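So the structure is just underneath, and the comments pick up after that.
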Amino acid sequence: MSPRRATLAVLSLLLLTPAACGSGAAAEAPVWSAPASVSPTPPPPRPAPTSTAEARTRVAEAMLELDADFHPETAAYTEENTEAWKLISLCRDSLPSDRERTAYRERVWDGETVWIRQYVVGYLTVPGRKLADELRSVLKTCKQYEVPSDGRTSTIVKPSPAPVPNGPDVITFCERLKGESVRHQCTLFLTRGNFVLEVDVSAGNGDLAAGTALLTKIAPLAEAALREAA
């Protein structure tokens with residue numbers, strides 16, 4: 001530092017000192033920001049199931065437990081079964097790889113203003129991400145279709161921002177279902193290892209905003225449940 005700059009720096013400090021130490025003047029607290037926290041990397045998926053029995057056990061482990069704290073109408077689920085339902089496939093009959101399913105389970109909460117359907121599928125030899133790629137391919141071209149045996153017309157809606165960020169293992173979208181009335185249903189499609197977890201929701205008498213809000217609320221619970229099983 002040059003002598004001139006050193007002299008100016010000393011004078012500046014002397015001029016500032018009385019202002020900081022004078023009677024009745026409180027020193028300003030330093031501004032401090034906490035370092036940004038880094039989300040822990042989730043552990044890798046467990047090995048693929050080696051038997052139908054193991055796949056069924058792990059599918060059951062991924063079922064959600066939604067109590068009254070989540071929503072008063074989900075204090076008890078209204079239906080559960082292990083029928084051979086299909087993963088959502090929109091404009092086509094089914095996703096090609098879904099035919100190789102090994103274990104599956106559905107649970108439904110059906111209230112006056114909230115409807116939630118969870119469906120979990122396990123595969124012995126098919127990675128769940130392959131199903132996600134097949135669904136993503138369908139969504140590129142499927143914009144509207146007639147719901148089989150339903151009589152309603154579905155129009156695909158992609159809320160912005162998405163209720164859950166999409167990625168290789170996550171797909172979210174909503175449908176505008178038009179029949180005698182118009183309702184919206186939103187879907188969360190998660191994959192991990194050889195398992196797929198699908199959640200379909202409707203809320204607030206079919207209101208789109210209410211459906212996306214409900215999906216946003218349930219998403220972290222669904223992700224945690226799938227990590228436990230897969």
Side-chain angles (χ1 to χ4, degrees), residues 62-80 85-95 98 106-121 128 131-191 196-226:
M63 302 310 292
L64 289 167
E65 299 290 345
L66 303 178
D67 56 19
D69 289 337
F70 178 82
H71 192 285
E73 295 177 28
T74 57
Y77 50 87
T78 58
E79 181 183 352
E80 182 167 351
W85 297 97
K86 297 176 182 178
L87 286 170
I88 197 164
S89 52
L90 306 177
C91 289
R92 58 176 64 178
D93 178 57
S94 65
L95 299 177
D98 196 27
E106 179 192 49
R107 183 173 286 179
V108 177
W109 294 261
D110 192 0
E112 291 186 7
T113 63
V114 169
W115 177 83
I116 301 170
R117 172 184 180 261
Q118 181 196 13
Y119 186 44
V120 182
V121 188
L131 280 299
D133 290 341
E134 291 171 357
L135 177 58
R136 198 173 286 110
S137 177
V138 170
L139 285 167
K140 287 181 180 179
T141 57
C142 181
K143 306 302 179 185
Q144 188 177 87
Y145 69 100
E146 297 297 322
V147 182
S149 305
D150 190 283
R152 293 182 297 176
T153 300
S154 170
T155 302
I156 308 304
V157 179
K158 295 183 179 179
S160 182
V164 181
N166 289 277
D169 298 303
V170 183
I171 300 173
T172 58
F173 61 93
C174 298
E175 297 178 71
R176 181 178 180 269
L177 298 166
K178 184 178 180 181
E180 294 182 359
S181 60
V182 175
R183 296 180 62 85
H184 289 88
Q185 174 181 305
C186 294
T187 295
L188 170 66
F189 193 96
L190 299 174
T191 76
V196 176
L197 187 156
E198 176 186 332
V199 179
D200 306 310
V201 305
S202 181
N205 296 318
D207 179 67
L208 178 59
T212 56
L214 180 60
L215 199 66
T216 301
K217 183 178 180 181
I218 205 171
L221 304 178
E223 292 170 348
L226 188 58

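Remember, it's a predicted structure, so these values are computed and weren't measured experimentally.
A side-chain donor from one of Thr191 and Asp169 sits under 3.5 Å from a side-chain acceptor of the other. Counted by atom type alone, Glu175 and Ser154 present one or more donor-acceptor pairs between their side chains at under 3.5 Å.
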Please tabulate, for the side chains in residues 161-168, all donor-acceptor contacts under 3.5 angstrom to protein atoms that are two or more places apart in sequence or on a different chain.
from: Asn166; atom 1: OD1; to: Thr172; atom 2: N; distance (Å): 2.6
from: Asn166; atom 1: OD1; to: Thr172; atom 2: OG1; distance (Å): 3.4
from: Asn166; atom 1: ND2; to: Thr172; atom 2: OG1; distance (Å): 3.2

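Side-chain contact between Glu134 and Ser137 is absent, with no heavy atoms from C-beta onward closer than 4.5 Å. Residues Trp109 and Val201 have side chains not in contact (no heavy-atom distance under 4.5 Å, counting atoms from C-beta outward). The closest side-chain heavy-atom distance from His184 to Asp207 is not below 4.5 Å. Side chains of Asp200 and Trp115 form a contact here, defined as non-hydrogen atoms less than 4.5 Å apart. Contact annotation: the side chain of Ile218 approaches that of Leu64 to within less than 4.5 Å [non-hydrogen atoms, C-beta and beyond]. Inter-residue side-chain proximity for Leu90 and Leu135 is flagged as met; some heavy-atom pair is nearer than 4.5 Å. Within the 4.5 Å cutoff, no side-chain heavy atoms of Val199 are placed close to those of Cys186. Considering only heavy atoms from C-beta on, Ile171 comes within 4.5 Å of Arg136 through its side chain.
Between the OG1 atom of Thr74 and the CG atom of Asp69 there is a distance of 9.0 Å, given to the nearest 0.5 Å. Rounded to the nearest 0.5 angstrom, Thr212 OG1 and Lys158 NZ are separated by 16.0 Å. Distance check: Asp110 CG to Glu73 CD gives 9.0 Å after rounding to the nearest 0.5 Å. Annotation: the span from Leu226 atom CG to Met63 atom CE amounts to 11.5 Å, rounded to 0.5 Å.
With Thr155 as the fixed residue, the side chain to side chain donor-acceptor pair (under 3.5 Å) test singles out one of Lys143, Arg176, Gln144: Gln144.
Looking only at distances, no side-chain donor or acceptor of Asp98 sits under 3.5 Å from a matching main-chain atom of Lys86. A donor-acceptor pair under 3.5 Å is absent between the side-chain atoms of Glu79 and the main chain of Arg107, judged by distance alone. Listed for the Thr187 side chain is no donor-acceptor partner under 3.5 Å among the backbone atoms of Phe173.
The heavy-atom pair separating Leu177 from Arg152 by the smallest distance is CD1-NH1, 3.6 Å. The minimum heavy-atom distance between Val138 and Cys91, with the atom names listed, is CG1-N, 4.3 Å. Pairing each heavy atom of Leu95 with each of Leu131, the nearest pair is CD1-O, 3.9 Å.
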Handout entry: Pair Leu87-Val121, side chain to side chain contact (heavy atoms under 4.5 Å, CB included): steps then yes or no
Key = CA-CA 8 Å; Leu87 286 170; Val121 188; 3.8 Å; yes
Exercise for the section: Could you check Phe70 against Glu65 for side chain to side chain contact (heavy atoms under 4.5 Å, CB included), going step by step and ending with a plain yes or no? Expected result: CA-CA 9 Å; Phe70 178 82; Glu65 299 290 345; over 6 Å; no
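Residues that satisfy the salt bridge (Lys or Arg N to Asp or Glu O under 4.0 Å) test with Arg183, not counting sequence neighbours, are absent from this structure.
A salt bridge between Arg117 and Glu198 is present, with a side-chain N of the basic residue lying under 4.0 Å from a carboxylate O of the acidic one.
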